[in-house]
Amino acid sequence: MNFHTRKWIKPEDLNPNGTLFGGRLLEWIDEEAALYAIIQLENQRTVTKYMSEINFRSSAKKGDIIEIGIEPIKFGNSSLTLACEVRNKMTREVIITIDSIIMVSLGENGKPTAHGKTEIEYVKDRLTDD
């Protein structure tokens with residue numbers, strides 16, 4: 001699992017219990033999955049279609065630093081399936097896991113469109129030295 005994004009838990013991210021609000025964490029995960037898929041599929045019209053069961057395993061509190069990990073699982077015709085894990089950066093304790101997030105590439109008409117991708121690509125490999 002590659003951990004690309006870190007978040008610092010601030011007072012505005014907390015629920016009444018004083019721990020990280022689950023909705024805020026899901027917002028961050030959805031954004032991270034979208035960014036990952038947009039870069040991989042090279043299409044800014046990529047949207048979230050599905051999230052599997054969300055397993056909250058522990059919590060985070062004010063001042064904690066968390067990191068969001070995304071891993072590609074499968075390339076479909078118009079989709080990319082990702083897995084996600086969020087953990088505490090300092091303790092490595094897992095906070096949440098999501099086994100399947102399906103992102104779909106859309107055409108200009110708003111309908112799913114084939115993306116032609118079959119494996120992970122890195123932006124540096126797309127650039128040429130002309």
Side-chain angles (χ1 to χ4, degrees):
M1 179 100 29
N2 291 316
F3 292 84
H4 298 284
T5 299
R6 295 181 184 120
K7 295 286 187 180
W8 188 17
I9 309 305
K10 298 176 269 197
E12 61 266 26
D13 302 322
L14 303 178
N15 62 29
N17 192 44
T19 58
L20 177 60
F21 175 54
R24 175 81 62 180
L25 181 54
L26 291 173
E27 174 187 354
W28 293 337
I29 290 168
D30 190 39
E31 182 177 23
E32 184 70 13
L35 291 170
Y36 188 95
I38 287 166
I39 291 167
Q40 280 302 307
L41 303 180
E42 296 183 87
N43 181 1
Q44 291 185 354
R45 290 185 176 94
T46 299
V47 297
T48 308
K49 179 182 186 332
Y50 171 83
M51 275 194 190
S52 68
E53 181 176 295
I54 298 162
N55 186 3
F56 288 96
R57 296 174 48 183
S58 66
S59 60
K61 60 187 183 313
K62 185 176 83 171
D64 284 351
I65 298 169
I66 64 168
E67 52 187 358
I68 301 170
I70 297 286
E71 181 176 60
I73 302 299
K74 175 184 156 195
F75 284 86
N77 182 48
S78 63
S79 66
L80 173 59
T81 303
L82 305 169
C84 176
E85 180 179 289
V86 178
R87 66 185 183 188
N88 183 303
K89 174 67 178 163
M90 305 308 281
T91 66
R92 303 280 196 222
E93 184 177 18
V94 174
I95 296 168
I96 191 174
T97 57
I98 304 173
D99 292 336
S100 178
I101 303 171
I102 300 176
M103 306 300 295
V104 175
S105 179
L106 301 179
E108 290 194 25
N109 63 358
K111 303 287 185 195
T113 186
H115 50 64
K117 306 291 184 176
T118 59
E119 61 184 26
I120 299 304
E121 293 179 346
Y122 298 96
V123 173
K124 68 177 178 60
D125 296 331
R126 293 180 188 149
L127 303 175
T128 58
D129 294 329
D130 292 338

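Note that the structure is a prediction, hence the values are computed from the model and not measured.
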Just list the side-chain donor-acceptor pairs under 3.5 Å for residues 77-84, sequence neighbours left out, or say none.
none

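- For the residue pair Leu41 and Ser105, the shortest heavy atom distance occurs at CD1-CB, 4.1 Å.
- Put simply, the side chain of Asn109 gets close to the backbone of Lys111: a donor and an acceptor are under 3.5 Å apart.
- Between Arg24 and Ile9 there is no side-chain heavy-atom pair separated by less than 4.5 Å.
- Taking each heavy atom of Leu20 and Leu14 in turn, the nearest pair found is N-CD2, 3.9 Å.
- Following chains of ILVMFWY side-chain contacts shorter than 4.5 Å, one can reach Ile101 starting from Trp28, so the two form part of one hydrophobic cluster.
- For the pair Lys117 and Glu42, the salt-bridge criterion is met [side-chain N within less than 4.0 Å of a carboxylate O].
- Within 6.0 Å of CD in Glu12 there are more than 12 heavy atoms belonging to other residues, nucleotides or ligands.
- At distances below 3.5 Å, not a single donor-acceptor pair connects side-chain atoms of Thr113 with backbone N or O atoms of Gly107.
- Counting only distance, with no hydrogens or angles, the side chain of His115 and the backbone of Val104 share no donor-acceptor pair below 3.5 Å.
- Interatomic distance, CD1 of Ile98 versus CZ of Phe56, reported as 7.5 Å (0.5 Å rounding).
- For Asn43 (side chain) and Leu106 (main-chain N/O), a donor-acceptor pair under 3.5 Å exists by modelled atom type.
- The nearest pair of heavy atoms linking Arg87 to Ile95 is C-CD1, 3.9 Å.
- How far CD1 of Ile66 is from CE of Met90: 14.0 Å, rounded to the nearest 0.5 Å.
- Using the six-membered ring where Trp is involved, Tyr36 and His4 have ring planes that are tilted, between 30° and 60° apart.
- Atom CD in Glu121 sits 6.5 Å away from atom CD in Gln40 (nearest 0.5 Å).
- Applying the salt bridge (charged side-chain N to carboxylate O under 4.0 Å, His left out) rule to pairs touching residues 53-62 yields Lys61-Asp64, sequence neighbours excluded.
- Atom CZ of Phe21 sits in a sparse spot, with 12 or fewer heavy atoms from other residues, nucleotides or ligands closer than 6.0 Å.
- With rounding to the nearest 0.5 Å, the separation of CE in Met1 from CD1 in Ile70 is 7.5 Å.
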